[in-house]
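Only one structure is covered here, and it is reproduced in the block below.
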Amino acid sequence: MKNTALTHIHESLGAKMLPFAGYNMPITYEGINAEHETVRNDVGVFDVSHMGEFLLSGPNALALIQKVTSNDASVLTIGRAQYSCLPNNDGGVVDDLIIYKMKEDEYLLVVNASNIEKDWNWISSHNDLGVDMKDLSAEYSLLAIQGPKAVEAMQALSSIDLSAIKYYHFEVADFAGIDDVIISATGYTGSGGFEIYCKNSDAEVIWNKVFEAGAAFGIKPIGLAARDTLRLEMGFCLYGNDISDTTSPLEAGLGWITKFTKEFTNSENLKKQKEAGVTRKLVAFEMQERAVPRHDYEIVDASGNVIGIVTSGTMSPSMNKGIGLGYVTMDNSALESDIYIRIRKKDVAAKVVKLPFYKK
C-alpha cells in the first residue's frame, strides 16, 4: 500500500483511511454530508496525490497525443488544459485524462490513479515517434482546493490574480512561498477552485499554509467519499463506473471530446458508430421516491424488462434525493422517460433528467 506525502497528516486528523487505487487514502473526516456541504458553500481541500502525471516532450509530442486521444489537442495554447480520453481498439476507453500544454512541444497528461501503469503502457506502445516520456506520478503531489470561497481564501498565497484563471486554464507560478507550482482551474466538484501540483517535498508546507490562509473562511479537509458525491451531482463521469474498457465515448455522452477532424485510435469504427447511431446511452436519473440507487443495480421498464444498469448512484447531499447515472436502451433514454431501479427485488420509480443534477 502506497502513501502520499500527506498520509501522516490525514491520520493525525483522524481521517477514516481505506485502500484506493493502491494508495492509503482519506475517505472521510467528519462525514460525507458535512464535507460535501463545506465544498458547496465554503472551501475544502482534497489530497488527490494518487493521480498520475506523465510528461511528454519533443517535436512529435503533439503528434503522439493526437494519435492516442480522442479530442483535438492541436487547439491548445500554453496555459490551457483539455479533457480527453484514450480510446482502445475495441470501441471502449482505456482512460479519461486531462492534457495540459506546458510549453511548445511539452505536455502534461494527468491520468486516473488506478490506471497509471495501464495508461503508461498503452501510450508507450504507440510511441514510435521518438517522444520523450517521463512518469512523474511518484514525484508529485496534488491538492484540490475546491469551493466558492477558494479564490478569496487562497489569494494571499500567490502573486498572480487567481480570479483571472479561467476554467480549464492554468498558471505556473509561486504559491505558498514555493516557486513553479501549477495552479489549475480544472475542478471535479462544480463549485470552483483550483488544483495545486507540487513536488512531494513541498506538499506539507503548502498544505499547512493553505489551512492557515483558509482558516477565516471555514476551510476543512475533505475525503474521497465527498469527492464522489460532488462529482456525481455535476454528472461528471468516473472511470471504472460510468466509462470503461467496454463503454464507447459516444455511448457515454462524450461525443464533444471525440473529434473526427483527425485520425486517432479506432476513430474509423467510432465514426461508423456515430453515423449508425448508438444502441444504448448513459443517462442521468432522479428517484421519484426515497431510495438510493447503487452501482450495478438493474434498470427496468414498467413491465419489469431489464433495459440497463446503474453505473453511479448516491443520496444527493445537496438535494436530499436519490440520483444516479446508468446505461439504458435508446428507447428509454429521452428526457422525462419513466424508468425503474431494481432495489432489493423491488422496482422503484425514477425519471430521466438533464444534467447537472445540482444547479447553483
Side-chain angles (χ1 to χ4, degrees), residues 1-2 4 19-23 25 47-58 60-73 76 81-102 105-142 144 168 170 182 184 186 188 195 197 200 224 227-228 231 236-252 254 257-259 262-267 269-270 311:
M1 192 63 59
K2 298 174 186 173
T4 75
F20 184 84
Y23 282 81
M25 296 298 289
D47 176 10
V48 282
S49 303
H50 59 320
M51 300 291 281
E53 294 88 18
F54 305 153
L55 191 68
L56 272 57
S57 56
N60 289 326
L62 176 60
L64 176 59
I65 290 167
Q66 290 287 72
K67 184 161 73 163
V68 297
T69 66
S70 63
N71 209 338
D72 183 5
L76 286 174
Q82 180 185 77
Y83 180 60
S84 192
C85 76
L86 300 166
N88 63 23
N89 291 317
D90 305 312
V93 176
V94 177
D95 200 6
D96 61 337
L97 74 164
I98 299 178
I99 302 162
Y100 295 81
K101 184 166 184 175
M102 307 302 298
D105 300 334
E106 185 176 282
Y107 298 82
L108 184 71
L109 276 52
V110 179
V111 303
N112 284 299
S114 56
N115 291 335
I116 292 173
E117 184 178 0
K118 172 188 170 188
D119 292 356
W120 177 264
N121 291 339
W122 178 259
I123 298 169
S124 297
S125 73
H126 290 81
N127 184 16
D128 54 3
L129 301 169
V131 176
D132 183 54
M133 293 177 56
K134 291 187 175 72
D135 183 358
L136 305 178
S137 306
E139 300 172 31
Y140 274 78
S141 292
L142 174 55
Y168 268 77
F170 68 94
I182 299 172
S184 167
T186 48
Y188 197 51
E195 292 70 55
Y197 296 83
N200 288 339
L224 294 185
R227 182 173 163 85
D228 193 48
R231 71 92 194 169
F236 296 147
C237 289
L238 176 65
Y239 192 88
N241 284 41
D242 315 301
I243 46 177
S244 70
D245 288 309
T246 60
T247 59
S248 150
L250 301 176
E251 295 173 335
L254 298 178
I257 63 163
T258 309
K259 302 291 172 60
K262 59 161 199 169
E263 289 185 11
F264 56 88
T265 309
N266 206 37
S267 58
N269 287 325
L270 288 172
T311 55

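Counting from 1, the numbers follow the sequence of the chain as shown. What you see is a predicted model, and the numbers here were worked out from it, not measured in a lab. Computed from heavy atoms alone, side chains included, the values below leave out hydrogens, waters and symmetry copies.
Counting all heavy atoms, side chain and backbone alike, I65 lies closest to K262 at O-NZ, 4.2 Å. Closest of all the heavy-atom pairs between S137 and E53 is OG-N, 3.0 Å. The two atoms that bring S70 and I257 nearest to each other are OG-O, 2.6 Å, heavy atoms only. Residues D72 and K259 share a closest heavy-atom pair of N-CG, 3.8 Å. For the residue pair C237 and D96, the shortest heavy atom distance occurs at O-OD2, 4.2 Å. Heavy atoms only, all atoms of each residue included: P249 and G91 are closest at CD-O, 4.0 Å.
Here salt bridge (charged side-chain N to carboxylate O under 4.0 Å, His left out) pairs that include residues 119-137, with residues two or more places apart or in two chains, are K67-D128, D132-K134.
In this structure, a donor-acceptor pair under 3.5 Å is absent between the side chains of T311 and N241. Residues E139 and N200 bring no donor and acceptor atom of their side chains to less than 3.5 Å of each other. Judged by distance alone, the side chains of N112 and S114 never bring a donor and an acceptor atom under 3.5 Å apart. There is a side-chain donor-acceptor pair under 3.5 Å between E195 and T186.
In summary, the aromatic rings of F54 and Y107 are positioned with their centroids too far apart to meet the 6.0 Å limit. The ring of F170 has its center closer than 6.0 angstrom to the ring center of Y100.
You'll find the side chain of Y188 reaches within 4.5 Å of the side chain of L238, heavy atoms only. The closest side-chain heavy-atom distance from I123 to M133 is below 4.5 Å. The closest side-chain heavy-atom distance from I116 to H50 is not below 4.5 Å. Taking the side chain as every heavy atom from C-beta outward, Y239 and D245 approach each other to under 4.5 Å.
No side-chain donor-acceptor contact under 3.5 Å links N71 to the backbone of A73. In this structure, the side chain of S244 does not engage the main chain of G240 through any donor-acceptor pair within 3.5 Å.
V94 pairs with exactly one of T69, N88, V111, N115 by the side-chain contact (heavy atoms from CB on, under 4.5 Å) rule, that one being N88.
Once rounded to the nearest 0.5 Å, the distance linking CG of L109 with CG of L55 reads 9.0 Å.
Take K2 and apply the salt bridge (charged side-chain N to carboxylate O under 4.0 Å, His left out) test, not counting sequence neighbours, and it matches no residue.
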Given the rule in the side chain to side chain contact (heavy atoms under 4.5 Å, CB included) test, do L76 and I99 qualify, once you have shown the distances and angles that lead to the verdict? CA-CA 9 Å; L76 286 174; I99 302 162; 3.9 Å; yes

